[in-house]
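Only one structure is covered here, and it is reproduced in the block below.
Computed from heavy atoms alone, side chains included, the values below leave out hydrogens, waters and symmetry copies. Per chain, numbering begins at 1; letters A, B, ... match sequence-line order.
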Protein chains: 2
Amino acid sequence: MKTVETTPRKLPRQARSRATVDALLEAAAQVLVEHGYEKTTTARVAERAGVSVGSLYQYFPSKEALVAALIEQHADEMVSVADEALSPLKTASLEEGLKAIIRVAVDTHRISPELHKVLYEQVPRVGRVAEVMDTNRRITELIERFLRAHARELPRGMKPAVAAVVLETALEALSHKAITERQDLLASGVLERELYQLAAGYLFHAER
Amino acid sequence: MKTVETTPRKLPRQARSRATVDALLEAAAQVLVEHGYEKTTTARVAERAGVSVGSLYQYFPSKEALVAALIEQHADEMVSVADEALSPLKTASLEEGLKAIIRVAVDTHRISPELHKVLYEQVPRVGRVAEVMDTNRRITELIERFLRAHARELPRGMKPAVAAVVLETALEALSHKAITERQDLLASGVLERELYQLAAGYLFHAER
DNA sequence: GCAATATGCGAATGATTCGTCACATTCGCT
DNA sequence: AGCGAATGTGACGAATCATTCGCATATTGC
């Protein structure tokens, strides 16, 4: 099994090169959004960044590494948004916490919708599934911890570990769909309302 | 805009050529599952099918066309499974219908899990390929029709069109996740129970 | 100011893959 | 058997791309 190197070849030391790296990442994001993964060539990215191909390979050992870096950046952003909003949640009521969770699900998808879409669709092919799944796993854990804190308010027999997966998966899928192909649901807050009905019905009114 | 041709170049007339086409499709599925989309080359598929590349191009004008045909096959299978299970549903009660819908969501994912995963995750969503993959939309319509038939039993203010999207998306996402990374939820019928709690809570106990 | 180092360049390379075509084989039919 | 149509073959052309490498230019440390 031949593994593709995805770690930076060399770290930028001077301000000049840091600018180059930033330009490359920004250019990669743009080209990716405009042309999709297949038609994103290293040459095109370099050109857009106003830099030569050689310079690209100075900092990214492969095309995949470039995309991987982008994915990592984006994933970190999502997790930090989630972290900030969900960590002070131990004190919140079940209902308020749930609303916060829903807000987070939607907000994390608002970060860079088009880029998010491309990255999400291309991730499996870049082999960095791990990072993204990790994002989901970490968010699922935050939800699970919150549910555990309210264990006695949950329906009998509901397992926080399972419920967290159900909630995270459903909320993420619906947010993703709304952002990528049903923006109409986004405008008027319809999405949030529906998500709340879905999650609340599941958590509060289940017959077990 | 250069569009890629995806319709068969020629229709098989003799039994021999029908066998060739079948072998090609079967081989394509295998190679796709084994190597992923990028590393699926027409040469490799032809070889696996015990056929020459030329023959492949006799019936499929491009690599995309080959994959498109596979997708169409698979999508049709899924829709027909759904159709069969959901069409006699006008007579069913809301509750029974819902259970049927859930069974369908899970069953359609059991058809060819690995192939499904590859087609869904790795095949670039471009050109005609995207259109063919609108299985989801078709299933959403079936659900919507069912909901409309029970309109008076639904919470006030719930719009069948929106509710159908919510249900389809959530059920599909959870089934997909269970099949691809949480098979443990599949064995004991846990998945179906959770899906029912989720959907029933949404449909029956919503406060609007 | 001057070496040492970091950064940047881009034509050339090499590997891969799609898709074609001229020719060979098999089939259906009389 | 024999003929035209259908089907199959695989070497080969052409194009695309990721990646490299020798050399040029800029920056830093002294």
Residue pairs involving residues 61-90 of chain A (criterion ring pair (Phe, Tyr, Trp, His ring centres under 6.0 Å); sequence neighbours excluded): A/His74-A/His116

Between P on C/dT7 and CZ on A/Phe60, what's the gap in Å once rounded to a whole number? 13 Å

Side chain to side chain donor-acceptor pair (under 3.5 Å) against A/Glu114, all qualifying residues, sequence neighbours excluded: none

Rounding to the nearest 10°, end axes of the helix from C/dG1-D/dC30 to C/dT30-D/dA1 built from five pairs each make an angle of 20°

Atom CZ of A/Arg18 to atom P of C/dT7: distance rounded to whole Å? 9 Å

Could you state the CD-C1' distance from B/Gln58 to D/dG8, rounded to the nearest angstrom? 7 Å

Which residues pass the side chain to side chain donor-acceptor pair (under 3.5 Å) test with B/Glu141, sequence neighbours left out? B/Arg137

For residues 65-79 of chain A, which residue pairs qualify under salt bridge (Lys or Arg N to Asp or Glu O under 4.0 Å), counting only residues two or more places apart or in two chains? A/Glu72-A/Arg128

Closest to side chain of A/Tyr59, choosing from D/dT9, C/dG8, D/dT19: C/dG8

Kindly state which residues belonging to residues 42-53 of chain B come within less than 4.0 angstrom of DNA chain D, counting heavy atoms of the residue only, listed by number. B/Val51, B/Ser52

What residues form a ring pair (Phe, Tyr, Trp, His ring centres under 6.0 Å) with B/Phe146, not counting sequence neighbours? B/His150

Nearest to the B/Thr20 side chain among D/dT7, D/dT19, D/dT9, which nucleotide is it? D/dT7

Partner residues of B/Glu172 under the side chain to side chain donor-acceptor pair (under 3.5 Å) criterion, sequence neighbours left out: B/His109, B/Tyr120

Taken to the nearest whole Å, CD/A/Glu64 to P/D/dC17 is 16 Å

What is the distance, to the nearest angstrom, from the CG atom on B/Leu66 to the C1' atom on C/dT17? 15 Å

Closest approach of B/Leu191 and B/Leu174, non-hydrogen atoms and distance? CD1-O, 4.2 Å

Report the nucleotide, chosen from D/dA18, D/dT7, D/dT9, that has the shortest atom-to-atom distance to any side-chain atom of A/Lys63. D/dA18

Could you pull out the protein-nucleic contacts involving nucleotides 23-29 of chain D (nitrogen or oxygen on both sides, under 3.5 Å)?
none

Given D/dT9, C/dG19, C/dG8, the nucleotide with the shortest approach to the side chain of B/Ser55: D/dT9

Considering non-hydrogen atoms only, spot the tightest contact between B/Ala170 and A/Leu198 and give its length. CB-CD2, 4.4 Å

Provide the full list of side chain to side chain donor-acceptor pair (under 3.5 Å) pairs with a residue in residues 97-108 of chain A, sequence neighbours left out, each pair given once. none

Interatomic distance where CG belongs to A/Leu56 and P belongs to C/dT7 [whole Å]: 15 Å

Rounded to whole Å, the CG-C1' distance (B/Leu24 to D/dT9) equals 13 Å

Residues two or more places apart in sequence or in another chain: which of them pass side chain to side chain donor-acceptor pair (under 3.5 Å) with B/Arg44? none

I'd like to check B/His176 versus B/Ile179 (side-chain heavy atoms, cut-off strictly below 4.5 Å). Are they in contact? no

Can you check the B/Tyr57 OH to C/dT20 P distance for me, whole Å? 8 Å

Using the test salt bridge (charged side-chain N to carboxylate O under 4.0 Å, His left out), find all partners of B/Asp22 that sit at least two apart in sequence or belong to another chain. none

